[in-house]
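Since the structure comes first, as structure tokens, the remarks are kept for the end.
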Amino acid sequence: MDISSEIKRIAREKNALILAHNYQSGEIQDIADISGDSLELAQKASKNDADIIVFCGVHFMAESASILSPEKKVILPDPDAGCPMADMVDAEGLMELKQEHPDAVVVTYINSSAEVKALSDIICTSSNALKIVERAESNKIIFVPDRNLAAYVQRFTGKKIIPWKGFCPTHEKFTIADLEAVREKNPGALVIVHPECRPEVIDAADKVLSTGQMVKFVQETDALKIIVGTEIGMIHRLSKAAPHIEFIPASESFICPNMKKINLEKLYHSLVNEMPVITVNDDIRVKALKSLERMLELSY
Ligand code: 13P
Ligand code: SF4
């Protein structure tokens, strides 16, 4: 059996849409209907006429799709594909912080649970974080859970940002010494990094971009050699978008183990059995939907 053609045939038959985050392996990106960053995938999940969404990504992404499209069956091919950063803030912790700063607006990174989204005013992603903070109706912003994205946004806004202390273990592992080493081996190469990187890595980079912005950037730049400071799945995505450019992984160990839990076999079985299904209880869903919809409204 050719598993790829079978997946495509069953997806067509069931009117299923396969969404893949840019960090997925090449085989998953190639079979997906759409590959994209968190914002692009949330936008797609909110507007499509599929009966089933198969989300090749991590749990919070499938959960967001289910919040935005509750009438659809949203499937995550591996239920254990989580995001450790999203787990670094819980509803209780956020409630305490809100009590300390009752006049602040809560802007929450999409890498968070539905319960945390339900307690938030607006969601953001790495591609619209600054825009959302600027458009939020307060000069005081609680920003959860990513401290690095919070610090990055703080550089460009006069608003006061109160950060949570979360971080992405995959991006945090990449140090300034790693960056200097790869740069030394590749003199003249341009360095692009994700805003989840450490502040000193961001300082040293040439461009700081979300994964979707990286795709657009490489289609427009004159650079011919680029060091990619984010998860290794991006190399496949960027090479497809700009095959004439040489892409160098910033580090061979720049791997998100959760993103890599999904493979063709799991995708096939989840599509055949239509499980595991990700759902959110209605109480939480309605509140979380408000903050997600606010982001989509403000992302123009
Ligand atoms: P993007 O929205 O840039 O794709 O980032 C998602 C993510 O989880 C990065 O670690
Ligand atoms: Fe979460 Fe980091 Fe993996 Fe993104 S790369 S899904 S932030 S653990």
Side-chain angles (χ1 to χ4, degrees), residues 4 18-41 56-58 61 81 83 85 111 125-129 146 148-149 152 167-264:
S4 298
I18 303 176
L19 300 180
H21 185 263
N22 289 328
Y23 293 162
Q24 289 291 296
S25 63
E27 60 180 22
I28 296 289
Q29 290 186 29
D30 291 347
I31 209 166
D33 295 299
I34 294 153
S35 296
D37 70 8
S38 305
L39 179 61
E40 291 161 341
L41 296 176
C56 300
V58 291
M61 297 180 173
C83 168
M85 182 209 281
N111 300 39
T125 72
S126 58
S127 64
N128 62 16
D146 186 8
N148 291 343
L149 184 59
Y152 181 64
F167 59 89
C168 163
T170 299
H171 285 80
E172 192 80 359
K173 232 175 30 202
F174 181 62
T175 64
I176 187 70
D178 298 329
L179 177 53
E180 279 161 6
V182 67
R183 214 175 213 162
E184 208 174 296
K185 274 197 214 141
N186 298 279
L190 200 81
V191 176
I192 60 176
V193 302
H194 195 275
E196 285 175 14
C197 286
R198 293 165 176 266
E200 61 277 17
V201 168
I202 285 180
D203 280 340
D206 296 305
K207 286 268 168 203
V208 183
L209 303 164
S210 76
T211 66
Q213 289 165 345
M214 286 181 183
V215 174
K216 289 189 191 85
F217 175 75
V218 303
Q219 287 168 327
E220 289 159 7
T221 181
D222 292 332
L224 291 173
K225 201 170 175 182
I226 299 183
I227 295 168
V228 182
T230 194
E231 213 274 347
I232 207 135
M234 268 324 277
I235 301 290
H236 181 81
R237 183 76 172 94
L238 296 176
S239 304
K240 273 173 88 174
H244 63 289
I245 298 178
E246 183 189 351
F247 293 105
I248 300 140
S251 157
E252 287 299 335
S253 59
F254 221 136
I255 295 169
C256 172
N258 284 286
M259 284 282 180
K260 294 301 188 278
K261 283 186 175 155
I262 293 170
N263 56 32
L264 283 181

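Counting begins at 1 with the first residue of the sequence.
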With sequence neighbours left out, what residues match Lys260 under side chain to side chain contact (heavy atoms under 4.5 Å, CB included)? Glu231, Ile232, Ile255
Tightest non-hydrogen contact, residues Pro257 and Thr170, listed as CD-OG1, 4.0 Å
For Ser25, the side-chain hydrogen bond (donor to acceptor under 3.5 Å, both in side chains) test, sequence neighbours excluded, returns none
Enumerate the residue pairs fulfilling ring pair (Phe, Tyr, Trp, His ring centres under 6.0 Å) with a member in residues 184-213, sequence neighbours excluded, ordered by first and then second residue. His171-His194
Quick one: side chain to side chain contact (heavy atoms under 4.5 Å, CB included) partners of Ala204, sequence neighbours excluded? Ile176, Leu179, Arg183
With sequence neighbours excluded, give me every ring pair (Phe, Tyr, Trp, His ring centres under 6.0 Å) pair touching residues 198-242. none
List for me each residue that meets salt bridge (charged side-chain N to carboxylate O under 4.0 Å, His left out) alongside Asp30, sequence neighbours excluded, and say none if there are none. Lys240
Please collect all side-chain hydrogen bond (donor to acceptor under 3.5 Å, both in side chains) contacts where either partner lies in residues 247-258, sequence neighbours excluded, each pair once. Ser251-Ser253, Asn258-Lys261
Set of salt bridge (charged side-chain N to carboxylate O under 4.0 Å, His left out) partners for Glu27, sequence neighbours left out: none
Please identify each residue that fulfils salt bridge (charged side-chain N to carboxylate O under 4.0 Å, His left out) with Glu172, with sequence neighbours left out. Arg147
List for me each residue that meets side chain to side chain contact (heavy atoms under 4.5 Å, CB included) alongside Ala242, sequence neighbours excluded, and say none if there are none. Val218, His244, Ile245, Phe247
Please identify each residue that fulfils salt bridge (charged side-chain N to carboxylate O under 4.0 Å, His left out) with Lys173, with sequence neighbours left out. none
Quick one: does Asp206's side chain have a donor or acceptor within less than 3.5 Å of a partner on Ile192's backbone? no
According to side chain to side chain contact (heavy atoms under 4.5 Å, CB included), who are the partners of Ala250, at least two apart in sequence or on a separate chain? Phe174, Ile227, Phe254
Side-chain heavy atoms of Ile226 within contact of Ile248, under 4.5 Å: no
Main chain of Lys225, side chain of Glu246: is a donor-acceptor contact present, judged purely on distance under 3.5 Å? no
